[in-house]
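For reference, the structure discussed in these notes is given below.
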Amino acid sequence: MQYQIVPFEDIDKNKWNGSVHYAPHGNVFGYYWYLRSVMKEWDAIIEGDYQSVMPLPRYPLSKFEWSLLPSLGPYSVNAITAARSKTFFEMWKDSGSAQYYPFNSAWSVLLYPFSKEFLFQDRFISLNLGNDYDTLFNQYSKKSQLKLYDQMNSEYIYHSFNKPEQFLENISMNHHERNTLYRLFYNAIQRGAGYHTRIVEKDSGKMAECFLISDQRNIYLPYINESNDSDIELKLIDTLLKSQAGKPVSLRLPEKLASIWKKENLIHENFLFMQHKSLSMMDRIRAIFKI
């Protein structure tokens, strides 16, 4: 099968999305609209007629931008083999795009033998939502269960905003980061792939909110308000579990939320990544202005 590096301007959007969607390990981060929202332009390693694709950032990305891309390519409808993994790895390494990169966990197992001195290992944490709510409730830690019992007598007000500026305007972040989230959240809302939710305890006024993005396999939390009240945040997560219980999806969890559940009920998935490297002043300018 032929491999080539294709410039962004020549990428076939529909074929690209098809590869990501039908890959057994596909995720929302690889879709054309998602990548356009975060990195704007990228080149790609493409195998055959889009049987496999791997985005290559055209410009250096900031740690904030990479935080919105926690798991990338390759994406493939073909079998993941050692030979195919090595080809993608070597082409990526030789492309000049070798900056921080989180390889798809499905490929990481086969990447490991020939990347030991180049890549490092980390993990994702997730919770399987395929069980009924009673089962999911029993998977909470004892501390979380007691808090949820205590909250049963409280009254809550629920909000959802379809305009990101309505819930991001008072969040502390720079102009570039805010605009990136605006693009991403607007695109997710328009495609029915994302929504905002806020819970307010009526008596105290304590609040928690987040933005969710989902694909056919997972639910992600790219935004959780740092000023959330921790108890109301638990109620927010529990409301999400009630609405999704029994569906064949997993909830991808930030590390800070892992303590809500008993450790043995969480799924740990290892992946390989290249560490962040220090950017020169010129790299930072190029990253900001995409030049």
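The figures here come from the full heavy-atom set of this structure, side chains too, leaving out hydrogens, waters and symmetry mates.
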For [X] and [Y], test the side chains for any donor-to-acceptor distance below 3.5 angstrom and give the result as yes or no.
{"X": "Asn138", "Y": "Thr135", "answer": "no"}
{"X": "Asn187", "Y": "Ser37", "answer": "yes"}
{"X": "Ser76", "Y": "Ser52", "answer": "yes"}
{"X": "Ser230", "Y": "Glu233", "answer": "no"}

Find out whether [X] and [Y] are in side-chain contact, i.e. whether some heavy atom of one side chain is under 4.5 Å from a heavy atom of the other.
{"X": "Ile199", "Y": "Thr239", "value": "yes"}
{"X": "Tyr75", "Y": "Trp16", "value": "no"}
{"X": "Glu155", "Y": "Asp203", "value": "no"}
{"X": "Val28", "Y": "Ser214", "value": "no"}
{"X": "Leu212", "Y": "Leu221", "value": "yes"}
{"X": "Gln145", "Y": "Lys262", "value": "yes"}

Give, for atom [atom1] of [X] and atom [atom2] of [Y], the distance between the pair rounded to the nearest 0.5 Å.
{"X": "Leu111", "Y": "Ser85", "atom1": "CG", "atom2": "OG", "answer": "5.0 Å"}
{"X": "Leu234", "Y": "Ser144", "atom1": "CG", "atom2": "OG", "answer": "5.0 Å"}
{"X": "Leu146", "Y": "Tyr140", "atom1": "CG", "atom2": "OH", "answer": "13.5 Å"}
{"X": "Leu266", "Y": "Gln139", "atom1": "CG", "atom2": "CD", "answer": "8.5 Å"}

Tell me whether the count of non-hydrogen atoms from other residues, nucleotides or ligands lying under 6.0 Å of [atom1] in [X] goes above 12.
{"X": "Lys143", "atom1": "NZ", "result": "no"}
{"X": "Tyr22", "atom1": "OH", "result": "no"}
{"X": "Glu226", "atom1": "CD", "result": "no"}
{"X": "His175", "atom1": "NE2", "result": "no"}

Please give me the minimum heavy-atom distance between [X] and [Y], naming the atom from each residue.
{"X": "Asp10", "Y": "Tyr50", "answer": "O-OH, 3.8 Å"}
{"X": "Lys235", "Y": "Leu148", "answer": "CA-CD2, 4.4 Å"}
{"X": "Thr180", "Y": "Val38", "answer": "CG2-CA, 4.2 Å"}
{"X": "Phe29", "Y": "Leu68", "answer": "CD2-O, 3.6 Å"}

Between [X] and [Y], is the ring centre distance below 6.0 Å?
{"X": "Trp92", "Y": "Phe118", "result": "yes"}
{"X": "Trp66", "Y": "Phe273", "result": "no"}
{"X": "His196", "Y": "Phe211", "result": "no"}
{"X": "Phe88", "Y": "Phe103", "result": "no"}
{"X": "Phe271", "Y": "Phe124", "result": "yes"}

Inset, instruction - Determine, step by step, whether Phe8 and Met39 satisfy the side chain to side chain contact (heavy atoms under 4.5 Å, CB included) criterion, reporting the C-alpha distance in whole Å, the side-chain angles of both residues, the deciding distance to 0.1 Å, and the verdict. - result: CA-CA 11 Å; Phe8 172 76; Met39 66 173 71; over 6 Å; no
Under 4.0 Å between a side-chain nitrogen and a carboxylate oxygen: does that hold for [X] and [Y]?
{"X": "Asp49", "Y": "Lys15", "result": "yes"}
{"X": "Glu47", "Y": "Arg84", "result": "yes"}
{"X": "Glu41", "Y": "Arg58", "result": "yes"}

Legend entry - Cation-pi geometry met for Lys63 and Tyr100 (6.0 Å, 45°):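 Not flagged: Lys63 not positioned over aromatic ring of Tyr100.
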Inset, instruction - Just do the salt bridge (charged side-chain N to carboxylate O under 4.0 Å, His left out) check on Arg123 and Glu255 with the steps written out, would you? - result: CA-CA 10 Å; Arg123 66 176 188 176; Glu255 286 278 355; 3.7 Å; yes
Inset, instruction - Please work out whether the ring planes of His159 and Phe161 are parallel, tilted or perpendicular, with thresholds of 30° and 60°. - result: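 Rings of His159 and Phe161: parallel, as their planes differ by under 30°.
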Inset, instruction - Please state whether the rings of Tyr31 and Trp33 are parallel, tilted or perpendicular, taking 30° and 60° as the class boundaries. - result: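 Rings of Tyr31 and Trp33: parallel, under 30°.
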